[in-house]
Amino acid sequence: MDTGDQKSRGERERARSAEARSVRADAREADANERAVMADAREADADAREVTADKRKVNADLREVVADARGVEADAREVDADARELLADVRQADAASQARHVEERMRAADERAVAAELRLAEANVHMQAAKEHLIAAANQTATADHRTEDAERLMSFADEQLVVAAAKLAEATSDSEEYQRALHHYTQLVRHRMANPLQVIVGAAATLRARTDLPIDEHLALLDVIVKEAVVLERICLAPKIMDPSEDTLDPTPTLREG
């Protein structure tokens with residue numbers, strides 16, 4: 001493994017970490033969307049209950065209007081009966097003695113007829129208001145149904161986003177665990193392979209420091225040994241390879257999914 005591979009691996013790891021953070025952020029956003037959808041659903045349910053209350057009020061108004069209409073009809077029948085009674089009284093009584101009484105009863109009948117017409121007009125007004133309430137209730141019901149459908153669609157979308165976010169988070173977690181495993185194996189392999197070169201380097205350096213009177217050829221030979229073992233250490237660190245059966249269980253290279 002050369003310096004370029006190390007940099008590339010580091011960049012991939014940072015990209016995986018950034019993707020994991022992005023996935024967690026998506027999961028939080030999806031959760032927030034789900035809570036907003038649930039709030040919309042509760043609001044739509046409240047609207048539906050309000051519409052139900054309006055319908056009940058309209059039904060009560062209709063029943064009151066029907067009762068008023070029946071009262072008006074009864075008054076009309078009563079007025080008709082009074083008129084008939086008056087005619088019967090006129091036929092049976094003396095015209096001169098009963099005329100004044102008949103006129104009074106006719107005036108009373110007219111007043112009751114006027115009152116009946118007023119009540120009928122009021123009943124018509126109530127009927128019109130009831131129709132308007134019914135139309136408004138139907139419109140509110142349609143709006144509540146539409147908002148409920150929107151809430152269900154948003155809930156479904158939020159569930160899909162949560163599933164995608166969970167899958168991405170699981171993938172990022174798996175890649176991170178694989179990278180940590182490879183790094184651990186790499187550390188074990190490097191430590192295992194660095195002991196002998198380090199001993200040689202330390203021994204040669206200690207000899208050079210202690211023996212300042214060494215001949216030049218021995219001095220150069222020890223320096224060559226130090227350089228050679230340093231190259232071995234560099235190769236071990238940058239491109240560790242399995243060279244001993246005891247190292248067969250180690251795998252310093254991570255196996256990551258291609259994004």
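Side-chain atoms are counted along with the backbone in the values below, which use heavy atoms only and exclude waters and symmetry mates. Source: prediction; values computed, not measured.
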What distance do [X] atom [atom1] and [Y] atom [atom2] have between them, rounded to the nearest 0.5 Å?
| X | Y | atom1 | atom2 | answer |
| --- | --- | --- | --- | --- |
| His133 | His126 | NE2 | NE2 | 11.5 Å |
| Thr148 | Glu43 | OG1 | CD | 10.5 Å |
| Asp224 | Leu220 | CG | CG | 6.5 Å |
| Leu223 | Lys228 | CG | NZ | 14.5 Å |
| Leu208 | Glu218 | CG | CD | 10.5 Å |
| Glu50 | Thr141 | CD | OG1 | 10.5 Å |

Legend entry - Considering all heavy atoms, the nearest Pro197-Leu233 contact: CB-CD2, 3.6 Å

Inset, instruction - Indicate the atoms forming the closest heavy-atom contact of Ile226 with Ala205, along with that distance. - result: CD1-N, 3.8 Å

Inset, instruction - With the side chain counted from C-beta on, respond yes when Leu214 and Leu222 share a heavy-atom pair under 4.5 Å apart, and no when they do not. - result: yes

Inset, instruction - Flag the pair His219 / Arg211 as yes when at least one side-chain heavy-atom distance between them is below 4.5 Å, and no otherwise. - result: no

Inset, instruction - Using the rule that two of Ile, Leu, Val, Met, Phe, Trp, Tyr join whenever any of their side-chain heavy atoms come within less than 4.5 Å, decide whether Val232 and Leu198 are in one cluster. - result: yes

Legend entry - More than 12 heavy atoms from other groups under 6.0 Å of CZ on Arg56: no

Legend entry - Test salt bridge (Lys or Arg N to Asp or Glu O under 4.0 Å) applied to Arg147 and Asp145, step by step: CA-CA 5 Å; Arg147 296 188 65 180; Asp145 292 340; over 6 Å; no

Inset, instruction - Without swapping roles, check the side chain of Ser156 against the backbone of Glu152 for a donor-acceptor pair under 3.5 Å. - result: no

